[in-house]
Protein chains: 2
Amino acid sequence: MSDLEHTVDRQASGLHAFLAEVAEVLGQASLLTGADCAPYEIDVAHCRGKAAAVVIPCDTHAVSALMRIAVRHRIRLVAQGNRSGLVGGAVTDNSGKQVIVSLSRMRQVREIDPLNRTVIVEAGTLLSALNRTLETHSLYFPIDIGSDPAIGGLIGANAGGSRLLKHGDVRHNLLGIEVVLPDGDGTVVQLLAPLRKNNTGLDLKQLFVGTGGAFGIITAATLELKRIDQSTQSVFVALPDHGTALEVLQAFELQFGDLLCAFEVISEAALVITLRNFPTLRHPFGQSSASCYALIEIASSMPGLHSLFAQRTEQVLEALYESGRILDAAFGNTSSFWPLRDNLPLAIAKEGIPLSFDVAFSRSRLVAFRDQAAQWLQREHPLLQLYDFGHFADGGCHLIVLVPHAHIRQYGIAKVVAVRSGIYKLVTENGGCFSAEHGVGPVNAAYYGKYTPPEVQEISRAMQLLMDPQAVLGRYRYT
Amino acid sequence: MSDLEHTVDRQASGLHAFLAEVAEVLGQASLLTGADCAPYEIDVAHCRGKAAAVVIPCDTHAVSALMRIAVRHRIRLVAQGNRSGLVGGAVTDNSGKQVIVSLSRMRQVREIDPLNRTVIVEAGTLLSALNRTLETHSLYFPIDIGSDPAIGGLIGANAGGSRLLKHGDVRHNLLGIEVVLPDGDGTVVQLLAPLRKNNTGLDLKQLFVGTGGAFGIITAATLELKRIDQSTQSVFVALPDHGTALEVLQAFELQFGDLLCAFEVISEAALVITLRNFPTLRHPFGQSSASCYALIEIASSMPGLHSLFAQRTEQVLEALYESGRILDAAFGNTSSFWPLRDNLPLAIAKEGIPLSFDVAFSRSRLVAFRDQAAQWLQREHPLLQLYDFGHFADGGCHLIVLVPHAHIRQYGIAKVVAVRSGIYKLVTENGGCFSAEHGVGPVNAAYYGKYTPPEVQEISRAMQLLMDPQAVLGRYRYT
């Protein structure tokens, strides 16, 4: 046997021993292998891997036992929620040696405290299911995103979404976690106290937020909840250009202050392609000469503000119309316009291969970046099409560069890399970041290496070594 | 020479060499020694130390140079803002070997971006000065506390304050930091990009929030700002007991939702002692048979809601009065009632030695704790007086146990420790934490050791060793 064969053999027998022990300790029913793993090996973004097995623990105790076995056999675990992430962070690589830990059996809502407006919930619980349970108390967890992640995945990605302006990201609404550490004991750290104020040293839970499962497996979380909105107003406006969108945003902030809840901008091209691919959707204005649109939402959990919102919105729009800053406007309720926004990525994907960029800027740099990116693409890559939309109010910008079906053969890997490099160069020049709300994961690994300050990379690496000396955790590693 | 003398001598010459080098590199004007250090050696809470020197760097470059010299000579640095903390975290110990780094010359507001609602500000800037500068843009940093800390201190303590319910703590409003690391290079990590969404790996800045300068010296910060409130309503209500305060809180949350901004509860005893010691203050009701009071504030940066707030407040109060849940109510503006709340600690201190507890709970456990603490004190320590007040809406509770002048001789250190132990036992039994918003520091060091989970202590210790292997930083050490 060669050295290499020896190594492979040792790893295989390590894996066999690991699987046998998992079956013994957690029960055969918690373990999937072979073809049974298939549904867990691909995520919503079509990231695909080959897993050695899928383990589905039923409680925190089982996750801890699993961790101990994994550390002893040095088997890499990848925690998985609802596979709704966009950076491949919850699927294994293709080696067939990594093991998926699905939290899908840990969906208990352990404790709702309506007076405290908090819930303790297990990490596998889906956001939609949690919110349905909370509805009877007129409460909800205010992270508003198109997909339906598990709570653990939400924390691992530190999701933000469309209403970040008002409610903040997951980090802002997270009071506690229960986490299993990748040490030899599978230590369970319980920091679930539902406290809004707690400054008794290092806030350890922050380490696990937005780091995609790199430092531990989150098994439960304590979330602060908001009262469901009682007064809302939605409006869809047509704008002459992206720069004016920022002026309109300022006008709305001035008149609605902290009650401005969402301000989404969609380019004309993005709206047109959405309507073309979803014929049941309706153009709010029939047609328009606008360059882009804004979906604006005002909301409060204070009841009885609706008519005031409507009246004030009319006044603001009238003034904006008279000064030429908006071209048209349509009123609606919360559900009127979001389908135009939410179906956009699906629509674009129907006409070719989409290259997605989820980037963020200071509001002040957003339009400059967007315009530079559009000009650069037109000059350097005239065969490609740009669709942009995003959370203007928080500086977020989703850029989809489409390689149309007709030109896919001209766009091989080298050209795609050239597009990505060009766009990220503009992102950096405009002070932006390469991942606004999806994390690193294998998809963004190269950009992490290139754009994250070396000191941050070095400390992250050292911390991962500290927390996980045997390297048993996580799809993306800082090391 | 004995071994001990050798050691002392080496340390002294290390200190001399350190001071000589600091004078040479930073300039003699940046260095205070001897009696000139006195103003920097005591804080607002009367924590006092003896410093070897005070260094007052003028910019980040100087802090970095200082750090390099300190690491080489292994001199302990303690960063200091405005000495407004309550846990002694910004003064040195009594050894005369530690050096204060005052950020008081670093008060530049580097960049205000009104469109992005952000500011980049140096760590020595006082909160009041920052807010004065921001006022012309109708913006402010929404951490509302009685004292006037420097921005670096605010971050080190992760201050919360009276309006946390609406605006969150410092962590919620912090977008970036610039920090000098305690490594041999005095590495400056610049993470100042004013981005609301940035999930490109470990959010390193979180490590420096609430850890009292243990991991680095923060030299600047990027803060998210809020628009100044345009509509407000304050009301002061008399309540039959603390339990009812929670019912009143719920009634206000139901009617005002996210626009409820503050809900402070003050016991009758605390109000009486405040009025007795501040004769210019007026009892809102002349006199009252209430057991406690609530100061309630509703606010929004949306203009034009004032009359709606007033009208709705009247309706809520009427219903509460009819059901016997409030005894009386007085309307006012923002400045009407806060002096009653803000002068309370000063008033209590005039009548003896106050033992302060800044603890936090789930709202649901707050009243049980408060009542148990009152009963326990009456039973075990009948000579002491209890004054309680706090941020009921966020579970915060300030408990001041007064040793009246007349009984100070009966309350030696052993009895004081017994009181503290008894109270903290009740805090723990009710799921609370021993420091809601002042951090650890030397004042809370013993409680950190006793009440923080051992796994958290162990990881904190390891992280401090990782970041600061020469132990040159911070008054309180996790090691």
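Naming convention: chains lettered A, B, ... in sequence-line order (proteins, then strands); numbering from 1 in each chain.
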- [ ] Pick one of side chain, backbone, both or neither for F215(B), based on which atoms fall under 4.5 Å of a heavy atom in chain A.
- [x] side chain

Task: Beyond-backbone contact of R312(B) with P303(A), side-chain heavy atoms, under 4.5 angstrom - done: yes

TODO: Give the member of V456(B), L164(B), L249(B) that has the highest number of heavy-atom pairs under 4.5 Å with chain A.
DONE: L164(B)

Open item on the list: Has R227(B) got a side-chain atom pairing as donor or acceptor with G257(A)'s backbone, closer than 3.5 angstrom?
Closed with: no

Task: E458(A), CD atom: more than 12 neighbouring heavy atoms under 6.0 Å - done: no

Task: Contacting moiety of E253(A), where chain B heavy atoms sit under 4.5 Å - done: both

TODO: Just give me the residue among Q457(A), M467(A), Q255(A), Q190(A) that pairs up with chain B most often, heavy atom to heavy atom, under 4.5 Å.
DONE: Q255(A)

- [ ] Pick whichever of Q250(A), R365(A), K226(A) has the most heavy-atom pairs under 4.5 Å with chain B.
- [x] Q250(A)

Open item on the list: Once rounded to the nearest 0.5 Å, what's the spacing between atom CZ of F434(A) and atom CG of N198(B)?
Closed with: 8.0 Å

Open item on the list: Within the structure provided, determine whether S362(B) and T118(A) are in side-chain contact (heavy-atom separation under 4.5 Å).
Closed with: no

Open item on the list: If I measure from the heavy atoms of chain A, does Y448(B) come under 4.5 Å with its side chain, its backbone, both, or neither?
Closed with: side chain

- [ ] Could you tell me which of G395(B), G396(B), G439(B) has the largest number of non-hydrogen atom pairs under 4.5 Å with chain A?
- [x] G439(B)

Open item on the list: Heavy-atom pairs under 4.5 Å with chain B: which of S364(A), G210(A), A360(A) has the most?
Closed with: S364(A)

Open item on the list: For the backbone of A436(A) and the side chain of N199(B), can you confirm whether one donor and one acceptor N or O come within less than 3.5 Å of each other?
Closed with: yes

TODO: Flag the one option from G304(B), S300(B), G441(B) with the top tally of heavy-atom pairs under 4.5 Å to chain A.
DONE: S300(B)

Task: CA sep, side-chain torsions, deciding dist, call: E455(A), L204(B), side chain to side chain contact (heavy atoms under 4.5 Å, CB included) - done: CA-CA 10 Å; E455(A) 312 89 58; L204(B) 188 63; over 6 Å; no

Task: Proximity breakdown for L115(A) and chain B, heavy-atom pairs closer than 4.5 Å - done: both

Open item on the list: If you define the side chain from C-beta out and look only at heavy atoms, does anything of Q206(B) sit under 4.5 Å from D203(A)?
Closed with: no

- [ ] Let me see the working for T452(B) and L202(A) under side chain to side chain contact (heavy atoms under 4.5 Å, CB included), right down to the final yes or no.
- [x] CA-CA 10 Å; T452(B) 299; L202(A) 178 68; over 6 Å; no

Open item on the list: Quick check: closest heavy atoms across F256(A) and M302(B), and the distance to 0.1 Å?
Closed with: O-CB, 3.4 Å

Task: Engaged part of L305(A) at the chain B interface, taking heavy atoms whose separation is under 4.5 Å - done: side chain

- [ ] Answer with side chain, backbone, both or neither: which region of F309(A) has an atom nearer than 4.5 Å to a non-hydrogen atom of chain B?
- [x] side chain

TODO: Pick one of side chain, backbone, both or neither for V170(B), based on which atoms fall under 4.5 Å of a heavy atom in chain A.
DONE: neither

TODO: Identify which part of L181(A) has an atom lying under 4.5 Å from any heavy atom of chain B, answering side chain, backbone, both or neither.
DONE: side chain

Task: Pairwise distance CZ(R171(B)) to CZ(R171(A)) - rounded to 0.5 angstrom - done: 8.0 Å

Task: Part of A157(A) lying under 4.5 Å from any heavy atom of chain B - done: backbone

Open item on the list: Counting heavy-atom pairs closer than 4.5 Å to chain B, which one of V209(A), L254(A), L308(A), L246(A) comes out on top?
Closed with: L254(A)

- [ ] Below 4.5 Å from any heavy atom of chain B, which atoms of E437(A) appear? Answer side chain, backbone, both or neither.
- [x] both

Open item on the list: With a 4.5 angstrom heavy-atom cut-off, is it the side chain or the backbone of K166(A) that approaches chain B, or both, or neither?
Closed with: side chain

Open item on the list: Between A393(A) and chain B, with a heavy-atom cut-off of 4.5 Å, which part of the residue counts as in contact: side chain, backbone, both or neither?
Closed with: backbone

Task: Any donor-acceptor N/O pair, K197(A) side chain to G161(B) backbone, under 3.5 Å - done: yes

- [ ] Decide yes or no for V189(A) and P453(B): does some side-chain heavy atom of the first lie under 4.5 Å from some side-chain heavy atom of the second?
- [x] no

Open item on the list: With a 4.5 angstrom heavy-atom cut-off, is it the side chain or the backbone of T187(A) that approaches chain B, or both, or neither?
Closed with: side chain

Task: Shortest non-hydrogen contact between V440(B) and G201(A), atoms and distance - done: CG2-N, 3.6 Å

Open item on the list: Once rounded to the nearest 0.5 Å, what's the spacing between atom NE2 of H172(B) and atom CG of D169(A)?
Closed with: 8.5 Å

Task: Non-hydrogen atoms of G432(B) and L195(A) that approach each other most closely - done: C-CD1, 4.3 Å

Task: chain B contact via L191(A) - which portion, at a heavy-atom distance below 4.5 Å - done: side chain

Open item on the list: Does any backbone or side-chain atom of T211(A) lie under 4.5 Å from a heavy atom of chain B? Answer side chain, backbone, both or neither.
Closed with: side chain

- [ ] Tell me, for A193(A) versus chain B, whether the close heavy atoms (under 4.5 Å) come from the side chain, the backbone, both or neither.
- [x] side chain

TODO: Look at the side chain of S301(A) and the backbone N and O of D258(B), then say whether any donor-acceptor pair between them is shorter than 3.5 Å.
DONE: yes

- [ ] Please look at L207(B) and chain A and tell me whether the side chain, the backbone, both or neither of the residue comes under 4.5 angstrom of a heavy atom of that chain.
- [x] both

Open item on the list: Out of L366(A), N444(A), I459(A), return the one with the most heavy atom pairs under 4.5 angstrom to chain B.
Closed with: I459(A)

TODO: Heavy-atom distances under 4.5 Å only: say whether Y447(A) touches chain B with side chain, backbone, both or neither.
DONE: neither

